[in-house]
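To start, the structure under review is shown below, and the notes come after it.
Small disclaimer: the values here were computed from a predicted structure and weren't measured. All chains are named by letter (A, B, ...) in the order of the sequence lines, taking the proteins before the strands, and each is independently numbered beginning at 1.
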Number of protein chains: 4
Amino acid sequence: MTKTSPAGGKSGHQARASIGARRNPASQAAILDAAEAILREEGLAGFSIEAVARRARAGKPTIYRWWPSRAALILEVYQRFKQAVGFPDTGALRTDLIAFLSNNLVGFWQSGMCGTVFRSVIAEAQTTPEAAAALAAYESARRRDATLMIERAKARGEVTAQTNSLLVVDLLVAFAWHRLLNGRLAETPADIEAVADLLIAGMQKPPASA
Amino acid sequence: MTKTSPAGGKSGHQARASIGARRNPASQAAILDAAEAILREEGLAGFSIEAVARRARAGKPTIYRWWPSRAALILEVYQRFKQAVGFPDTGALRTDLIAFLSNNLVGFWQSGMCGTVFRSVIAEAQTTPEAAAALAAYESARRRDATLMIERAKARGEVTAQTNSLLVVDLLVAFAWHRLLNGRLAETPADIEAVADLLIAGMQKPPASA
Amino acid sequence: MTKTSPAGGKSGHQARASIGARRNPASQAAILDAAEAILREEGLAGFSIEAVARRARAGKPTIYRWWPSRAALILEVYQRFKQAVGFPDTGALRTDLIAFLSNNLVGFWQSGMCGTVFRSVIAEAQTTPEAAAALAAYESARRRDATLMIERAKARGEVTAQTNSLLVVDLLVAFAWHRLLNGRLAETPADIEAVADLLIAGMQKPPASA
Amino acid sequence: MTKTSPAGGKSGHQARASIGARRNPASQAAILDAAEAILREEGLAGFSIEAVARRARAGKPTIYRWWPSRAALILEVYQRFKQAVGFPDTGALRTDLIAFLSNNLVGFWQSGMCGTVFRSVIAEAQTTPEAAAALAAYESARRRDATLMIERAKARGEVTAQTNSLLVVDLLVAFAWHRLLNGRLAETPADIEAVADLLIAGMQKPPASA
DNA sequence: AGCTAACCGAGACGGTACGTCTAGTCTTGCG
DNA sequence: CGCAAGACTAGACGTACCGTCTCGGTTAGCT
């Protein structure tokens, strides 16, 4: 739990040492660690500011000072381990899409309870407008980035230039969300290739109406 | 012990008359009405058994007697006005899919705050295993029914017989869920035709691997 | 989960200011005042933690934090105004006993509904073991103190040295309790002298068996 | 629990047979038995109309029809097994008083949890005016009857004729009540002779004021 | 070097809601 | 009409968290 605390207080367990009138990174880390652990172990139920404070051995005001709401804390937990996964660029759309679904979405969620945390984020966003806004902003940026895969395929001539790449990304992401939220992640890897093939086939034919 | 507690029901407002030792439909209706109203007006936040009881002028035990949990009550509220929407059968896959997305999913959610209620159902399912199970069962049945649209198109030769109709329905539903949960329902009708066309195009070409 | 719960304390009436992470004497006083008022006005019926909290404008957990049970709260209410009555020492046993019955017991209970409160304490002790233990400890100490009156009389030679002073005090206290619990306090002052005389006469003769 | 029930209903356990439109003695007995058993086993706490109905397999309205309150039911339970103990008449006051305390009061309460039941009666009387009235009437009659012991002693010349026999009985009963309510019944038999001797000695000397 | 300002752990506070229990009323259907 | 049954409104029970507040202690940086 990242307690430094050489100068241990009188409180039985060793406490974090004060670093004076500045935000204490050790405290922040301890709080995020505790929040992540609770989310992983008990899910969104059982996640309360009170419980996080208890586990992190932090005061509640310390949490409220830095995260205005439960939602903000949950989101930061998610983003902390989300950052490092880049988008695939294999040179072919089919393998790009398969890798995207497998590594960035489904597979990522299946590793280490990350899916549980993300389910919590989504659930929280249905309740709390600010969580909804933060999630929307985050997702919007991710989707825009992901269109690069489609655009590269267009440039290579793999799919028709009329393809609405944002919509295709939407479909991919929606598919993964749906499986996550329905608790059907386990059966999903078997469907990934079929989804990629179906969408690629759809993108190869120019829209009839155009 | 030794509580006086007058109670008795003659408390100013006219109370529901007792009908003896049987479930009182008037009470159940009042409770569902109150639950629905709160969900519509205030969303999942602000929805509490306490609040429902207050608004319905019902006792809390009456609610717990018939609905084992918050989730069960929310689900029944949703199912009460969900029942009547049948699946389209227009004779052509394209119009079927468009009608399905428009009427059964997106348009339905946009009417009368039904979307808010369904968002609550989904959020609750992320937290409460039993809500998750109930929702999964419900959705599974709905999806199976919806595959009929695809199967009819197969029979008409509109799409290749290798089409995995369950997967296509999954994609359609996932698309709608995703928009709902992201608060992007308003911009969705404009995309419905494009989604239908993309998927139909995908279904017309037999899988390359086959 | 997902409770909004505005709370906040700025609720119209001025609230007690927080004094930090220490027991707030103002809250404790308000709670005891409210408890006493309810006991006086409505008796043990009508006394509930809920009602006390409401009247004291305090939260229920604040009460439970400091008083583990209804009984503990009632007892403290009683002890709060019980403390100041000392035992008489008039120089003669007869006047001591009369003053003891009149001032420490019967007369005290008749003033300001204290009798109602003490009846509540006794009734609660019949139900709750811990209230019984607390009351027993309290009464035991009081009786021991009261034997001083008898012992002084022994030293003065007013009564025989074989007198079991604890038993005599028991009889005095029992007489007063009995009248209190039977609602016969009003007729009791007229009997006090007779009781004193009877017991003093009994104490003057050494036990025949000895 | 005194269920007769030859004609068992369909309710799993055998039910009492209806005897038509008349008060059913079997039901009354079952209710009183259940009430007594609960009082003995769990004391006044744990005694509720609900619990009695459950244990007696009776409907709550049946109880409310015949006993207007919890207090009435408790009192009847007590009186049911109280009836048979007569007052002693040994020919000497000392043995009369000792027998009275031993058999009618302390010893009776110590047998078969009767004391627990009577404590409940007294506690209930502190709360419920009607229970207080019923108990007062009952006790008043018993005390009047008990004065016979003193009056016979007066007639035999054992005690002075000025003795206020009602007051002496009061003291005896009060002593016993006090020990009962303080949970000190076990140590009381050892004190009974001393109490009798003390009071007899007191009664032998005419009041100084006369 | 002393003072001030901010952060920290802690935990009490007024509250809301939880899910359970009982009170006392009511009505049905059987006998 | 009496009875068993059990649903009903009402509300108290004791617990968990909420979000706010103040405390006492600590350290850093300014004066």
Side-chain angles (χ1 to χ4, degrees), chain A residues 7 9 11 15-24 27 48-51 53 56-65 69-70, chain B residues 1 3-11 15-24 26-27 48-51 53 57-66 69-70, chain C residues 1 3-11 15-24 27 48-51 53 56-66 69-70, chain D residues 7 9 11 15-24 27 48-51 53 56-65 69-70:
Chain A
S11 71
R16 274 181 295 281
S18 168
I19 60 164
R22 296 170 337 212
R23 179 166 181 171
N24 186 339
S27 288
S48 67
I49 299 290
E50 197 99 19
R57 300 193 66 77
K60 280 198 287 177
T62 303
I63 299 180
Y64 282 109
R65 202 179 341 261
S69 70
R70 214 168 78 115
Chain B
M1 120 240 32
K3 294 148 213 148
T4 348
S5 65
K10 64 1 178 119
S11 67
R16 274 181 293 280
S18 167
I19 60 164
R22 294 164 322 169
R23 181 167 182 168
N24 186 339
S27 289
S48 66
I49 299 289
E50 197 100 20
R57 299 194 67 76
K60 278 197 289 176
T62 301
I63 299 181
Y64 283 109
R65 199 178 345 261
W66 302 112
S69 70
R70 217 169 76 116
Chain C
M1 118 241 29
K3 291 149 213 146
T4 346
S5 64
K10 51 33 165 100
S11 67
R16 275 180 292 280
S18 167
I19 60 166
R22 295 164 320 165
R23 180 167 182 168
N24 185 340
S27 289
S48 67
I49 298 289
E50 197 100 23
R57 302 193 65 78
K60 275 197 292 177
T62 302
I63 299 180
Y64 283 109
R65 193 169 2 251
W66 302 112
S69 70
R70 215 170 77 116
Chain D
S11 72
R16 271 182 297 283
S18 168
I19 60 166
R22 298 180 332 247
R23 177 166 183 168
N24 184 339
S27 289
S48 67
I49 297 290
E50 195 97 20
R57 303 194 64 76
K60 280 198 289 176
T62 304
I63 299 180
Y64 281 109
R65 200 181 339 266
S69 70
R70 215 168 76 114

**Message:** How close do A53(A) and G59(A) get, counting heavy atoms only, and between which atoms?
**Reply:** CB-C, 4.5 Å
**Complete:** Checking dA5(F), dC21(F), dA10(F) against the side chain of P61(A) (C-beta onward), the nearest is dC21(F)
Could you list all N or O pairs between the protein and nucleotides 3-7 of chain E that sit under 3.5 Å apart?
from: dC7(E); atom 1: O3'; to: R22(A); atom 2: O; distance (Å): 3.4

**Asked** Within the structure, does a side-chain N or O atom of R16(B) lie under 4.0 Å from either OP1 or OP2 of dT9(F)?
**Response** yes
**Item:** Nucleotide nearest K60(D) (side chain, heavy atoms from C-beta), chosen from dT22(E), dA10(E), dA7(F)
**Value:** dA7(F)
**Complete:** Taken to the nearest whole Å, OH/Y64(D) to P/dG2(F) is 19 Å
**Item:** side chain to side chain donor-acceptor pair (under 3.5 Å) partners for S69(C), two or more places apart
**Value:** E130(C)
**Prompt:** Using a cut-off of less than 4.0 Å, is there contact between a side-chain N or O of R70(B) and OP1 or OP2 of dC18(E)?
**Reply:** no
**Prompt:** Given dC18(F), dA12(F), dA17(E), which nucleotide is nearest the side-chain atoms of S48(B)?
**Reply:** dA17(E)
**Item:** Atom of R70(D), atom of I49(D) and distance for their closest heavy-atom approach
**Value:** CA-CD1, 4.2 Å
**Item:** Any residue meeting side chain to side chain donor-acceptor pair (under 3.5 Å) with R23(B), in chain and number order, not counting sequence neighbours
**Value:** Q28(B)
**Asked** Does R57(B) place a side-chain N or O at less than 4.0 Å from the phosphate oxygens OP1/OP2 of dC8(F)?
**Response** no
**Fill in**
Of A58(A) and A51(D), the one whose nearest nucleotide on DNA chain E sits closer to the 5' end is A58(A)
**Request:** Would you please name every residue forming a side-chain contact (heavy atoms from CB on, under 4.5 Å) with A56(C), sequence neighbours left out?
**Result:** A30(C), I31(C), A34(C), A58(C)
**Prompt:** Between dA7(F) and S27(B), is there an OP1 or OP2 to side-chain N/O distance shorter than 4.0 Å?
**Reply:** no
**Complete:** S18(B) meets the side-chain contact (heavy atoms from CB on, under 4.5 Å) criterion, sequence neighbours left out, with none
**Message:** If the condition is side-chain contact (heavy atoms from CB on, under 4.5 Å), which residues does A51(D) pass it with, not counting sequence neighbours?
**Reply:** I38(D), S48(D), R54(D)
**Nucleotide nearest I49(A) when distance is taken to its side chain, options dA23(E), dG19(F), dG15(E)** = dG19(F)
**Request:** Let me know the distance between CD of E50(B) and C1' of dT15(F), rounded to the nearest Å.
**Result:** 14 Å
